[in-house]
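First listed ligand is number 1; within each ligand, the first listed atom is number 1.
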Amino acid sequence: MNNLTFYGQSTFSIEIKGKTILFDPFISANEKANHIDINTIKADYVLVSHGHFDHVADVEAIAKNNDAIVVSNYEVATWFGKKECKYHPLNHGGKWTFDFGTVKYVNAVHSSVLPDGSNGGNAGGFVIWNDEGCFYFAGDTALTLDMQLIPLTCPKLDFAILPIGDNFTMGYEDASIAANFIECDKIVGCHFDTFGFIEIDHEAAKAAFEKKGKELILPTIGSNINL
Ligand code: NI
Ligand code: MN
């Protein structure tokens with residue numbers, strides 16, 4: 001598992017066993033990221049946490065460019081299926097082993113509706129593992145006690161990607177508690193600074209994690225993250 005790259009908001013890509021996994025692509029409609037040409041983005045799988053626009057805007061284009069498989073909850077995955085994307089539907093608590101590793105769709109506390117008003121099911125996150133490691137991509141979520149199930153049901157996490165921007169998701173204070181719930185010391189923050197409601201104080205956010213003996217990495221757009 002290497003080459004974790006941040007493309008703004010909640011968009012990340014990572015290489016796992018020679019496959020490129022892309023999360024929640026929202027690039028062309030993100031003022032902070034639209035200097036990145038989505039036609040240069042590679043993906044074998046596009047994992048989508050929920051149906052909101054700031055997580056699905058570039059799913060169809062990138063999935064079709066790469067003949068990638070869209071993995072999400074049943075409602076979101078089949079919505080992309082109707083747009084002739086390849087897809088694999090999951091639902092909460094379920095896992096499936098792909099050629100790069102096992103993907104478990106886990107609970108999030110958040111809403112989910114697709115851009116055309118279609119039912120986006122219930123929002124979720126992903127835990128992904130293989131013999132090389134394990135990580136958690138939380139999607140958009142509040143702090144929830146369900147996060148305590150992750151260490152009970154999944155391998156030990158090497159790192160986790162958590163939303164920290166507040167207003168629409170948990171803020172960094174609650175995210176630092178989430179890091180305890182999931183028993184993970186290395187957190188990559190996302191869903192911050194994209195627009196006014198979710199601008200954060202970087203130093204205060206890092207300090208909140210340091211106080212708990214945790215590391216918060218605040219990635220910059222377009223950069224590789226040194227894990
Ligand atoms: Ni959302
Ligand atoms: Mn969002």
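Considering just the N/O/S atoms of Asp140, the one nearest the Mn ion (ligand 2) carries the name OD2. The N, O or S atom of His52 with the smallest distance to the Ni ion (ligand 1) is ND1.
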Q: Determine, step by step, whether His55 and Phe26 satisfy the ring-ring contact (aromatic ring centres under 6.0 Å, His included) criterion, reporting the C-alpha distance in whole Å, the side-chain angles of both residues, the deciding distance to 0.1 Å, and the verdict.
A: CA-CA 5 Å; His55 300 257; Phe26 168 69; 7.7 Å; no

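Between the NE2 atom of His191 and the OD2 atom of Asp54, the angle taken at the Mn ion (ligand 2) works out to 90° after rounding to 10°.
A donor-acceptor contact closer than 3.5 angstrom is absent between the side chains of Gln9 and Asn30. Asp24 and Ser49 share a donor-acceptor pair across their side chains, judged by distance under 3.5 Å alone.
The Ni ion (ligand 1) has an N, O or S atom of Asp140 inside 2.8 Å of it. At a threshold of 2.8 Å, the Ni ion (ligand 1) has no backbone or side-chain N, O or S atom of His55 nearer than that distance. When distances to the Mn ion (ligand 2) are checked against a cut-off of 2.8 Å, His55 contributes an N, O or S atom below that limit.
To the nearest 0.5 Å, atoms OH (Tyr136) and NZ (Lys104) are separated by 11.5 Å.
Ring planes of Phe98 and Phe100: parallel class, angle under 30° (limits at 30 and 60°).
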